Structures are given as C-alpha cells and as structure tokens.
Amino acid sequence: MNCGILSMIEKRVTYTLEVNGKFFMIKNVPARVCEETGESLFSPETVERIQQMIGGPEKPKRVIETPVSEFSTSL
C-alpha cells in the first residue's frame, strides 16, 4: 500500500528504539503519519533531537520496567 501526500497528517507519536540492548521511549514526538499505513515520517531536525536525547547527558523524565519474553516456534 502506498501513502499519498494527502493521506499524511501531523501527529504526536511515541518513538521507541533499542540501542546496545537498552530501550528508549520518547513521547510526544512530532511526526507526519500516513492514515492508510500508520507509517511515521520525521523531519531531519526531529531525528537530530532524538539522537541528542539518546546519546547525550539529558536524564529521562522517568524509567519504566518492561517484561521481556522470547517468541518460540516450537510448542
């Protein structure tokens, strides 16, 4: 499915990323979201800010514990 320019809307999304076994969650990230596919597109400035937040000295607002399971194909 292809997303046309008219299907894109401005929204705030939650961005998640795994770096070196650590998970990061950044809330309220500005994005253009395709109404058809749900795909999020970020401006270069937004991507740069996310990289600064993850790699810099900025402390997170809060830390959450997340359960981790492993998917197995054998039942």
Side-chain angles (χ1 to χ4, degrees):
M1 187 172 271
N2 210 358
C3 192
I5 190 103
L6 297 176
S7 297
M8 302 296 285
I9 59 170
E10 298 288 330
K11 284 180 82 171
R12 296 281 176 155
V13 300
T14 298
Y15 184 87
T16 57
L17 178 68
E18 180 184 2
V19 178
N20 297 326
K22 287 183 158 182
F23 283 93
F24 295 86
M25 180 186 298
I26 303 172
K27 296 176 77 171
N28 297 314
V29 179
R32 297 193 65 187
V33 180
C34 177
E35 290 184 294
E36 295 174 33
T37 65
E39 181 180 7
S40 297
L41 300 174
F42 304 96
S43 72
E45 296 81 15
T46 298
V47 172
E48 186 174 319
R49 177 69 179 117
I50 289 170
Q51 291 172 341
Q52 290 171 352
M53 293 175 76
I54 290 172
E58 189 173 329
K59 297 285 185 199
K61 299 283 182 206
R62 65 185 173 112
V63 177
I64 59 174
E65 186 176 327
T66 303
V68 178
S69 299
E70 211 167 297
F71 183 82
S72 175
T73 56
S74 61
L75 297 174

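Every value quoted in this text rests on a predicted model; they were computed, and no experiment measured them. Below, each value reflects all heavy atoms present in this structure, side chains not excepted, and no hydrogens, waters or symmetry copies. Residues take their numbers from the sequence shown, with the count starting at 1.
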Distance-only criterion, 3.5 Å: show the donor-acceptor pairs between side-chain atoms of residues 44-63 and protein atoms not counting sequence neighbours.
from  : atom 1 : to    : atom 2 : distance (Å)
Glu45 : OE1    : Ser43 : OG     : 3.4
Thr46 : OG1    : Ser43 : OG     : 2.9
Arg49 : NH1    : Glu58 : OE1    : 3.4
Arg49 : NH2    : Glu58 : OE1    : 3.2

Study note, to complete from the structure: Heavy atoms of Ala31 and Phe42 approach each other most closely as CB-CE2, 3.6 Å

Review point. Does CD in Glu35 sit with more than 12 non-hydrogen atoms of other residues, nucleotides or ligands closer than 6.0 Å?
Key: yes

Between side-chain atoms of residues 8-27 and protein atoms elsewhere (two or more places apart, or another chain), which donor-acceptor pairs fall under 3.5 Å?
from  : atom 1 : to    : atom 2 : distance (Å)
Glu10 : OE2    : Arg32 : NE     : 3.3
Arg12 : NH1    : Asn28 : O      : 2.9

Study note, to complete from the structure: Cluster membership besides Val68, Ile/Leu/Val/Met/Phe/Trp/Tyr side chains within less than 4.5 angstrom, sorted by chain and number, is none

